[in-house]
Number of protein chains: 2
Amino acid sequence: MTACKHEHEHKTPEQLLATARQVCDEQGRRFTKLREHVFNLIARSTGPVKAYDLLDQLRPEFGSPKPPTVYRALDFLSGLGLIHRVEALNAYIACDHSQGRHIAEFFICETCENLEERSANDHIDCVPDGFDIRRSVIEHYGICKNCAA
Amino acid sequence: MTACKHEHEHKTPEQLLATARQVCDEQGRRFTKLREHVFNLIARSTGPVKAYDLLDQLRPEFGSPKPPTVYRALDFLSGLGLIHRVEALNAYIACDHSQGRHIAEFFICETCENLEERSANDHIDCVPDGFDIRRSVIEHYGICKNCAA
DNA sequence: CTAAAATATAGTACACTATAACACTATACT
DNA sequence: AGTATAGTGTTATAGTGTACTATATTTTAG
């Protein structure tokens, strides 16, 4: 377990948005108002966001959206790799590494709820013989430096 | 990513049960009928089991249990490290490595739903400086050798 | 042995998370 | 314009999990 001291920059919401637009464009999909708004809410949040919180935040500008509305946007965005789902929190976070797909690895502070994203190195020692990995969920929960006091 | 060909034995439900009893004993906790029954249902299942399926399987022998009943048993068992929760499936599996705590790593076939448990080596390259990991969720989804055909 | 403390069970009610199914609208393309 | 496709709105419901209260059962200490 090696501590990591080199800098990991964090993209601004504006940068994230620009990337999202571009990826969407390259894939020939439409970055609609709704999708943009949902993405922005996630990108501007300080931590992982829950689907029903997004739902609340869409009101009243987008009428009274129902769950499928937000889940469709979430599916779309995660299908393009623009956001990740944090499985153990039932929450969503904007991808900080938007250039190209990668295996995301999260470090989540249980005190301040901050989340750090890394790209996992696929040094998995002990894959069952012949197992073809399609998707990985890697989430670490603990206490961050700031909260250790 | 190194394929792993050495043998990983799988414990029988009987062995799992014996270990569970022992761990429970060592901790001075009570392995009650309810807890034993829930543990057995999980240990005898071929794959991860969902809480509400357990609930169904407890009937009618244990009356008409309500969700809190099964969740309490699940909390107890996972608190002792006897079962693990598979986060992305909302499901539970008996721990195959019951001697001592470890970081579990799962390989789950999306076709046959079989699950292989490994002990994760904590070679995490890039932990944020000062982050103290308390709990890790590591789950790989894909296609197993048998289903690759 | 008995009372107090700790542990375990039961149940109600509700909160939170997610999807199926169907109707409708907007956009893209010849 | 007409058709195919993609996107959105809505209703209803399924699936997952917990807060809270009450009761019963050990275990421990006096």
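Below, chains carry the letters A, B, ... as their sequence lines are ordered, and counting in each starts from 1.
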Please name the pair of heavy atoms, one in [X] and one in [Y], separated by the smallest distance, quoted to 0.1 Å.
X: A:Arg85; Y: A:Phe106; answer: O-CE1, 4.3 Å
X: B:Leu77; Y: B:Phe31; answer: CD2-CE1, 4.2 Å
X: A:Asp96; Y: A:Glu117; answer: N-OE1, 2.9 Å

Shortest side-chain distance from A:Thr32, nucleotide among D:dG7, D:dT16, C:dT19
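From the listed options, D:dG7 comes nearest.
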Which nucleotide sits closest to the side chain of A:Tyr71: D:dG17, C:dA8, C:dT19?
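It is C:dT19.
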Take the protein atom [atom1] of [X] and the nucleotide atom [atom2] of [N], then report the distance between them rounded to whole Å.
X: B:Glu87; N: D:dG17; atom1: CD; atom2: C1'; result: 12 Å
X: A:Phe76; N: D:dA6; atom1: CZ; atom2: P; result: 12 Å
X: A:Glu36; N: D:dG7; atom1: CD; atom2: P; result: 15 Å
X: B:Leu74; N: D:dT16; atom1: CG; atom2: P; result: 12 Å
X: A:Asp75; N: D:dA6; atom1: CG; atom2: P; result: 16 Å
X: B:Lys33; N: D:dA24; atom1: NZ; atom2: P; result: 22 Å
X: A:Leu34; N: C:dA26; atom1: CG; atom2: P; result: 14 Å
X: A:Asn90; N: C:dT17; atom1: CG; atom2: C1'; result: 6 Å

Could you pull out the protein-nucleic contacts involving nucleotides 26-30 of chain D (nitrogen or oxygen on both sides, under 3.5 Å)?
residue: D:dT26; atom: OP1; partner: B:Arg30; partner atom: NH2; Å: 3.4

Any side-chain heavy atom of [X] within less than 4.5 Å of one from [Y]?
X: B:Leu82; Y: B:Phe39; result: yes
X: A:Ser64; Y: A:Arg59; result: yes
X: A:Leu17; Y: A:Glu14; result: no

When you measure from the centre of the six-membered ring of B:Phe76, is the NZ or CZ of B:Arg35 closer than 6.0 Å and no more than 45° off the axis?
yes
A:His97 and A:His102 aromatic ring geometry - parallel, tilted or perpendicular at 30°/60° bounds:
parallel
Please tabulate, for the side chains in residues 67-75 of chain A, all donor-acceptor contacts under 3.5 angstrom to protein atoms that are two or more places apart in sequence or on a different chain.
none

Side-chain N or O of A:Tyr92 versus OP1/OP2 of C:dA18: is the shortest distance under 4.0 Å?
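Yes.
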Any side-chain N or O of A:Arg72 under 4.0 Å from OP1/OP2 of D:dG7?
no
Using a heavy-atom cut-off of 4.0 Å across all strands, would you classify B:Arg29 as base, sugar-phosphate, or nothing?
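Sugar-phosphate contact only - B:Arg29 comes under 4.0 Å of backbone atoms but never of a base.
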Kindly list each side-chain donor-acceptor pair under 3.5 angstrom involving residues 40-50 of chain A, sequence neighbours excluded, with atom names and distances?
residue: A:Ser45; atom: OG; partner: A:Gly47; partner atom: N; Å: 3.0
residue: A:Ser45; atom: OG; partner: A:Gly47; partner atom: O; Å: 2.5
residue: A:Lys50; atom: NZ; partner: A:Leu89; partner atom: O; Å: 3.0

Given salt bridge (charged side-chain N to carboxylate O under 4.0 Å, His left out), test B:Glu116 with B:Arg118 step by step and report yes or no.
CA-CA 7 Å; B:Glu116 283 290 320; B:Arg118 297 281 186 271; 3.2 Å; yes
Side-chain donor/acceptor pairs under 3.5 Å, residues 137-149 of chain A, sequence neighbours excluded:
residue: A:Glu139; atom: OE1; partner: A:Ala88; partner atom: N; Å: 3.1
residue: A:Glu139; atom: OE1; partner: A:Tyr141; partner atom: OH; Å: 2.8
residue: A:Glu139; atom: OE2; partner: A:Glu87; partner atom: N; Å: 2.6
residue: A:His140; atom: ND1; partner: B:Ser136; partner atom: OG; Å: 2.6
residue: A:His140; atom: NE2; partner: A:Glu105; partner atom: OE2; Å: 2.8
residue: A:Lys145; atom: NZ; partner: B:Asp129; partner atom: OD2; Å: 3.0

Of residues 40-70 of chain A, the positions that come close to DNA chain D - non-hydrogen atoms, cut-off under 4.0 Å
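Those residues are A:Lys66, A:Pro68, A:Thr69.
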What does the inter-axis angle of the helix from C:dC1-D:dG30 to C:dT30-D:dA1 come out as, five pairs per end, nearest 10 degrees?
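Terminal axis comparison yields 30°.
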